Every structure is written in structure tokens, then in C-alpha cells.
Amino acid sequence: MEFNAPAGDNLFDQAKIVGKPTPRIDGPLKTTGTAPYAYERHDVAADQAYGYIVGAAIAKGRIEAMDVSAARAAPGVLGIITAPDTPPVGQHWSNIAPLFGGSQVSHYHQAIACVVAETFEQARAAAALIRTRYTREAGQHDLAKLAPSAPLAKGGGGRPDQRTQGDFDGAFAAAPVKLDATYHTANESHAMMEPHATIAAWQGEKLTIWTANQMIAWSKGALAQILKMDAANVRVDSPYIGGGFGGKLFIRADAVLAALAAKQIGRPVKIALQRPLIANNTTHRPATIQRIRIGAQADGRITAIAHENWSGNINGSGGENGTAQTPAMYAGANRMTANHIATIDLPEGNAMRAPGEAPGHLALEVAIDELADRLGMDPIELRILNEPEGQLPGNPTRRFSERNLVRCLREGAERFGWSKRQAKPAQVREGQWLIGIGVAAGYRGAPTMQSGARVKLDGSGMVIVETDMTDIGTGTYTIVAQTAAEMMGVLLNSVRVTLGDSDHPAAAGSGGQWGAASSTAGVYAACVALRRKIGEKLGFDGDAATFADGRIRAGARTIKLTDAGEMSAEDAISFGPFKREYDVGTYAGHFAEVAVHAYTGETRIRRMLAVCDAGRILNPLSARSQVIGAMVMAAGAALMEELAVDTRFGFFVNHDLAGYEVPVHADIPHQDCIFLDTLDPVISPIKAKGVGELGICGPGAAVANAIFNATGIRVREYPLTLDKYLDQLPAIA
């Protein structure tokens with residue numbers, strides 16, 4: 001099925017099941033510890049052995065020798081795979097450095113060996129006996145030193161990633177009010193609870209991996225390419241994932257080494273990448289340096305805006321584009337964005353929740369706040385004054401499909417008590433605490449991808465949905481079940497959903513905030529096909545019939561759904577070119593209140609609010625969880641999260657959950673989330689968008705702006721740790 005025009009009125013507008021707050025149907029498994037995550041699937045393959053990965057101890061250079069004799073003689077050892085004895089594997093579009101093999105070391109903790117033994121403890125003990133001799137090469141590990149000479153990244157069609165409209169230089173020079181500021185964001189870790197983990201088993205030439213992965217179809221193809229085998233002989237199964245945030249979009253070393261080791265020893269092998277290796281061995285969000293220049297008239301109208309971003313990555317590939325949201329955020333005829341990528345000898349940077357927009361908002365939305373301060377304007381009124389009208393600024397060929405950002409800001413201000421804010425900083429005090437509130441706008445694109453499903457009737461009234469879509473803790477099982485129940489006219493407990501198996505039809509997968517909108521549309525397409533097939537069998541028009549309460553009403557006839565017997569239909573949704581005419585996005589108004597201790601500089605968040613415009617909300621209960629979870633991550637980025645780089649030796653020093661600080665319960669008090677529930681007919685037949693990444697786009701800037709409102713101190717380097725402003729507090733105290 002092709003979605004080739006905006007959706008009209010349809011049965012989802014009745015919202016009998018879709019749109020209702022619904023507890024997650026996988027919740028009981030999660031809360032009782034019975035959900036089978038990848039490493040815990042003891043029953044999928046008998047006689048599993050344990051693998052333990054050894055990571056490189058240098059950031060760049062060569063392995064000159066590796067002595068594994070003591071490890072081979074250790075108790076319980078079944079086999080050892082070493083990188084120098086293995087041709088490089090992993091040169092796939094999702095990996096910018098080999099995942100394993102060869103003597104060249106490209107980054108710290110690159111996998112260089114895997115020991116397989118009867119028990120985990122035996123594998124770990126033997127791995128410690130491996131002795132490796134390296135030749136270290138000099139590397140470049142400091143983004144600040146590399147940024148001035150970093151070339152422009154490659155944009156669409158391989159062109160330099162720089163966009164200009166109008167005459168920015170002239171308009172900026174002529175503006176009576178100017179801002180020119182540079183912001184720094186840190187390298188960040190996904191820090192998901194579940195490590196990267198895989199069980200691999202071979203049956204002849206066929207390989208099955210039970211793994212933790214967000215994108216099943218991608219990974220099936222990638223693994224086949226990496227191992228140089230027919231994709232038809234690869235099965236990937238990932239029904240439950242304990243968090244990913246983009247870190248599990250692609251096949252990583254655990255899956256490759258489990259497959260290679262299982263082949264070598266002739267037994268299934270399970271590997272969980274140990275926590276201290278994850279930060280350096282897998283991927284992270286790269287640091288950025290962002291320069292923002294804004295010129296405005298005295299009344300606050302923006303006449304010139306430029307956003308330049310510098311980031312780095314291994315091999316000069318990818319990076320973090322902090323300018324991603326800027327073309328859609330504010331009006332202004334004279335504009336420039338540019339994205340530079342340096343070649344830096346650190347572990348691979350890749351997608352992390354809202355790549356680009358998350359750190360981009362930390363700069364842009366603080367810059368808008370700074371401009372408001374210079375103008376003496378209310379920050380919300382400045383944003384509303386510069387709201388684009390109907391289309392992308394300077395791009396008359398693309399109009400907004402649906403945009404209610406002003407509503408988000410207005411309703412959020414009313415709900416949060418914005419009118420009580422003191423415009424002059426450092427004016428509100430409670431004992432030794434300085435109190436401030438801040439605001440930020442949020443934007444995140446709402447893409448869709450082709451997505452398929454298979455829907456079955458089992459003859460007893462049960463509807464079965466099969467798709468390789470994944471659930472990374474987002475509530476996919478539930479919204480897929482709600483969609484099928486709405487389409488087939490049954491109760492939610494009459495739907496059974498199976499996810500994450502590459503033997504099922506390929507779906508969008510979880511990433512880029514496209515999962516919910518795409519996967520439910522794919523289930524919709526399969527249900528349409530099944531309704532038509534039922535109609536053909538029983539003699540009515542499946543498109544015109546009403547499916548409700550386990551019955552089908554077709555004209556004067558009423559038929560039980562069970563009369564259709566056992567039946568199956570499969571289809572996928574694709575999205576037509578009409579969508580190119582639209583910018584399809586999600587929007588939010590984010591608010592935060594903080595308290596900063598006047599003498600110690602300690603910052604405590606007191607409350608947070610997000611007001612979200614994201615189309616039809618399929619399940620307000622799980623959507624709210626998505627948004628407040630993203631707000632927690634944004635608070636972490638603002639106040640504490642940083643992978644600290646040792647620029648001498650080229651690695652992340654705090655590569656475990658003891659040294660990498662993330663928010664805990666005591667850091668996050670009251671959070672609130674409001675959905676406008678505004679339908680967007682351009683996005684899909686269901687008119688629903690994702691929210692999982694919108695929630696991280698803006699809250700961190702709201703926290704930063706609240707700290708300024710509390711103290712009058714502006715810090716432009718994240719995270720906003722107290723050492724960066726403590727010396728300025730005594731005058732305030």
C-alpha cells in the first residue's frame with residue numbers, strides 16, 4: 001500500500017482503542033523479570049559457551065605480537081579468536097571502522113581478541129592472560145585544536161554541508177542588536193541498562209543470532225555482508241531490548257564475535273560486551289562546538305541568523321550536526337548554516353537520541369534566550385514574534401504539515417506559572433537558594449520509513465500480528481496491538497503481537513523517531529489487506545464493512561469474525577512523493593525551574609514541563625513515559641553527562657557507570673507532560689507521529705536558561721557543572 005495523499009476521516013478518528021491510555025502489554029514480563037532479553041535466552045540453543053572480548057589498550061597503532069599460549073592452556077577454554085589472525089570484518093555502511101580483525105588499531109578498546117570457555121568466569125580469567133605488544137602511533141584527540149581547520153561535512157549529493165539564504169553578512173552587520181556566542185557540548189554515552197549482548201548458533205550454513213538490536217532488517221543485511229554469506233541464511237531475533245537510544249542501531253562486535261566463535265568451536269556462543277568496553281568499543285554522541293550569530297531589530301524581529309557547527313569522528317565520517325533544527329525554528333530572510341567535521345582519533349561517533357537536534361537545541365535555544373535578554377524582551381514573546389508563517393523560512397516549496405509551537409509555548413506558560421517569573425536574574429531567593437525558571441522551544445523532524453506486517457486470524461477470534469519491528473522500551477507491543485484491535489474490531493486482549501524476528505515482514509525498526517508512525521501504518525496496511533481478503537471469502541466489500549465487537553457488519557448482514565476461519569494477509573506501507581512538499585515535524589515548549597545554592601553552586605531541578613505537538617497520541621501513557629524519560633536525558637546532558645577525553649592517549653576515561661554520571665531519582669523531581677493531540681494527516685493514515693526524541697530537544701536549554709535566571713551567570717560549556725561558575729557566585733551571595 002502506498003500512502004500517496006493526506007489522510008481523510010477514517011476509523012481511527014473514532015479512537016475506540018487507539019489513543020486511550022493503555023498499560024503496556026509487555027509490562028508484566030518486564031516487572032516480573034521474565035522478559036527474555038538477549039543474554040538470558042538460555043532455552044534457544046543448547047550447550048551455550050561463553051565469550052569474553054579483549055579490547056585494545058591503545059587508541060591508534062598496530063598489534064605487533066599477541067601471546068595467547070597461557071590463555072589457551074587455562075581451564076575450560078574452548079577457543080580463542082585473535083584479530084591479527086582474522087581478516088578485517090565489519091566494513092559495512094553502518095560501521096566506519098572494522099568491528100574486528102587485522103593488526104591495525106583504529107580506536108581504544110577496539111576488539112582484538114575473544115576467548116571462549118565453558119563458563120563466563122573461565123573466559124574472563126583466560127582473557128586476562130593474553131599479552132599484547134603494540135606499536136603506538138600519534139593521534140589527534142582534541143576537537144578544540146582540530147576545529148579551526150575542519151572541512152565542511154558532506155551533505156546531500158556529496159555537496160558541502162553549507163546552506164545560505166539572502167545576505168547574512170550584510171544583514172548581520174546592519175542589525176542594531178547582535179549576538180555572537182560559541183557553545184560547547186560534550187561527548188556522551190548512551191548508557192543504556194542492558195549491555196550489547198548476543199547468542200549465536202549455526203545449523204549448517206544457517207546462522208541465528210539472538211541479540212539486542214533496534215533495526216532487524218538492517219542488521220540481517222549487515223551481518224550477511226560482514227560475514228560474506230547469503231542473507232537468506234541469517235536470522236536475527238530481538239524481541240526485548242533493555243534500552244538502546246541509538247547505540248543498538250547497528251551490528252556491533254558482540255554479534256560478529258559470537259558468530260565467528262560459534263563457527264570455530266561448533267557450539268552456540270553467548271557474549272555480553274562488558275560495561276567498561278561499551279563507551280569506547282561501541283558508539284557515542286560526539287562533542288560539538290557551535291557558533292551562533294543572530295542579528296535583530298530593536299523590536300525583536302530576527303533579520304539574520306547563522307549557526308555553524310564543528311564536530312569530529314573517526315575517519316572524518318558522520319559527526320554531530322548541531323544545526324539540524326535551525327532551518328525550521330525561526331523566521332528570518334538572511335540565513336546561513338554550516339557543518340564541519342574533523343578527523344579525530346576517538347571511538348566511533350554515531351546516532352544517539354535526536355542526533356544533531358539534542359545538542360543543537362542546547363546552543364540555539366540558549367542563544368535565543370541571550371538575545372531576549374539583550375533586547376529586554378520576554379523569551380516566549382521573542383520566540384512567538386519570530387514564528388515562521390506556514391513554510392520553512394526562505395523555502396517556499398516546503399510548507400509545514402502541521403505546526404502548533406505557539407500553542408505549546410502559550411499553554412505551557414499558563415500551566416507553569418510563567419507570569420510569576422522575574423525577568424531580572426538573581427531576584428528570587430529562598431534561604432540560601434537562588435530560584436530561576438527557563439523556557440526553550442523544541443523541534444524534531446518526524447520522518448517515516450516503509451514498514452510491513454503480517455496479520456493472522458486463528459479461527460477462534462484471536463488476531464496475531466507479526467513484524468520485525470522492535471520495542472526498545474518504547475511501548476511498541478502495545479501501540480501495534482491497539483492498531484490491530486482498532487482495525488479488526490476486537491478487544492485488545494484478543495490481539496497477540498510478535499516482534500523483532502527477521503523471519504517476519506520487514507518494518508521500520510526503532511530509530512529516528514520514525515518507529516511508531518511507520519510501524520503502526522504498516523500494521524494498518526496489513527489489516528486493510530486482511531479485511532479485503534475476509535470480504536472476498538465471505539462475499540462483501542472489506543473496505544466498506546464495519547469491523548466492531550468481534551463482528552462484521554456489511555450492509556444488512558452481520559457476520560462473526562470467527563466465521564472467516566484461519567486466514568493471513570501481509571502488506572507494507574510506503575510513503576509517496578507528495579510528502580516532499582511538506583516539512584513534517586514535532587514541536588514542544590519546555591519549561592524548567594531550578595534552585596542554585598548561593599554559596600556552593602549546587603544546582604537542583606525543582607520541576608519540569610513539556611507541552612508537545614506530535615500528531616495523534618497513540619497511547620498517552622507510554623508516550624508520556626517516552627517524553628519524561630527524554631527530559632531526564634536532557635537534564636543529564638545539561639548538568640552532568642560527559643565522556644571525559646584523555647587527549648594524550650585518546651580514550652574516554654570514565655567508561656563505566658561509576659564514572660559516567662547520569663541523573664538518578666534524587667536529581668529528577670516533579671515532571672509533567674501535556675499533549676495537544678493535534679492530528680497530522682500528512683504523516684500517515686493514522687495521523688500519529690513519534691515523541692521519543694522530541695522530549696530531549698529543548699529541556700536541557702530550559703534548565704540552562706533557568707540557571708541564568710536564578711544567578712545571572714551565563715555558562716556556554718556543557719555540562720553546566722558548578723566549577724564553571726562557582727567563582728562568580730560570591731558577589732551574588
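Computed from heavy atoms alone, side chains included, the values below leave out hydrogens, waters and symmetry copies. Given the structure is predicted, the values throughout are model-derived calculations rather than measurements.
- Residues Y718 and Y183 keep their aromatic ring centres 6.0 Å or farther apart.
- Judged purely by distance below 3.5 Å, without hydrogens or angles, the side chains of T448 and K689 never pair a donor atom with an acceptor atom.
- Taken to the nearest 0.5 Å, the CG atom of N187 stands 9.5 Å off from the CD atom of E320.
- For an aromatic pair to be called close, the ring centres must be under 6.0 Å apart, and Y477 with Y240 satisfies this.
- When T586, D613, D583 are each tested for a side chain to side chain contact (heavy atoms under 4.5 Å, CB included) with Y443, only one passes: D583.
- When only modelled atom types and interatomic distance are considered, N339 and T323 share no side-chain donor-acceptor pair under 3.5 Å.
- Here CZ of F12 is found 10.0 Å from CD1 of I17. Values are rounded to the nearest 0.5 Å.
- Classification of E466 and K456 as a salt-bridged pair holds, one side-chain N sitting under 4.0 Å from a carboxylate O.
- Salt bridge E365/R383: present, at least one basic N to carboxylate O contact under 4.0 Å.
- A side-chain N or O of E402 and one of T678 form a donor-acceptor pair less than 3.5 Å apart.
- Salt bridge present: R235 and D501 bring a charged side-chain N and a carboxylate O closer than 4.0 Å.
- Counting only N and O atoms by type, the side chains of N213 and S219 include a donor and acceptor under 3.5 Å apart.
- Here CG of D26 is found 8.5 Å from OG1 of T476. Values are rounded to the nearest 0.5 Å.
- The existence of a salt bridge linking E693 and R353 is excluded, since no basic side-chain nitrogen approaches an acidic carboxylate oxygen closer than 4.0 Å.
- P577 places none of its side-chain heavy atoms less than 4.5 Å from the side chain of N4.
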Checking S518 against S451 for the side chain to side chain donor-acceptor pair (under 3.5 Å) test, could you report, in this order, the C-alpha distance in whole Å, the side-chain angles of both residues, the deciding distance, and whether it holds? CA-CA 6 Å; S518 304; S451 196; 5.9 Å; no

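- Salt bridge status for R399 with E581: present, with a side-chain N to carboxylate O gap under 4.0 Å.
- The structure places CD1 of I241 at 6.0 Å from OG of S510, a figure rounded to the nearest 0.5 Å.
- With hydrogens and angles left out, the side-chain atoms of N315 and S317 include no donor and acceptor closer than 3.5 Å.
- Side chain to side chain, Q162 and T337 fail the donor-acceptor criterion of an N or O pair below 3.5 Å.
- Donor-acceptor pairing under 3.5 Å is recorded for the side chains of H307 and Q290.
- Remark: D13 engages K687 in a salt bridge, criterion side-chain N to carboxylate O under 4.0 Å.
- With respect to the salt-bridge test (charged N to carboxylate O, under 4.0 angstrom), the residues D254 and R252 do not qualify.
- Relative orientation of the H340 and W310 rings is parallel, given thresholds of 30° and 60° on the angle between their planes.
- To the nearest 0.5 Å, atom NE2 of residue H590 and atom SG of residue C612 are 6.0 Å apart.
- Counted by atom type alone, N395 and T397 present one or more donor-acceptor pairs between their side chains at under 3.5 Å.
- Within 6.0 Å of CZ in R41 there are more than 12 heavy atoms belonging to other residues, nucleotides or ligands.
- At a threshold of 4.5 Å between non-hydrogen side-chain atoms, the residues M487 and V523 do not count as touching.
- Taken from NE2 in H190 to CE in M352, the straight-line distance is 5.5 Å, to the nearest 0.5 Å.
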Mind running side-chain contact (heavy atoms from CB on, under 4.5 Å) on Y587 and R407 for me, showing each step along the way? CA-CA 10 Å; Y587 308 91; R407 266 191 69 191; over 6 Å; no

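- Taking the side chain as every heavy atom from C-beta outward, H504 and R454 approach each other to under 4.5 Å.
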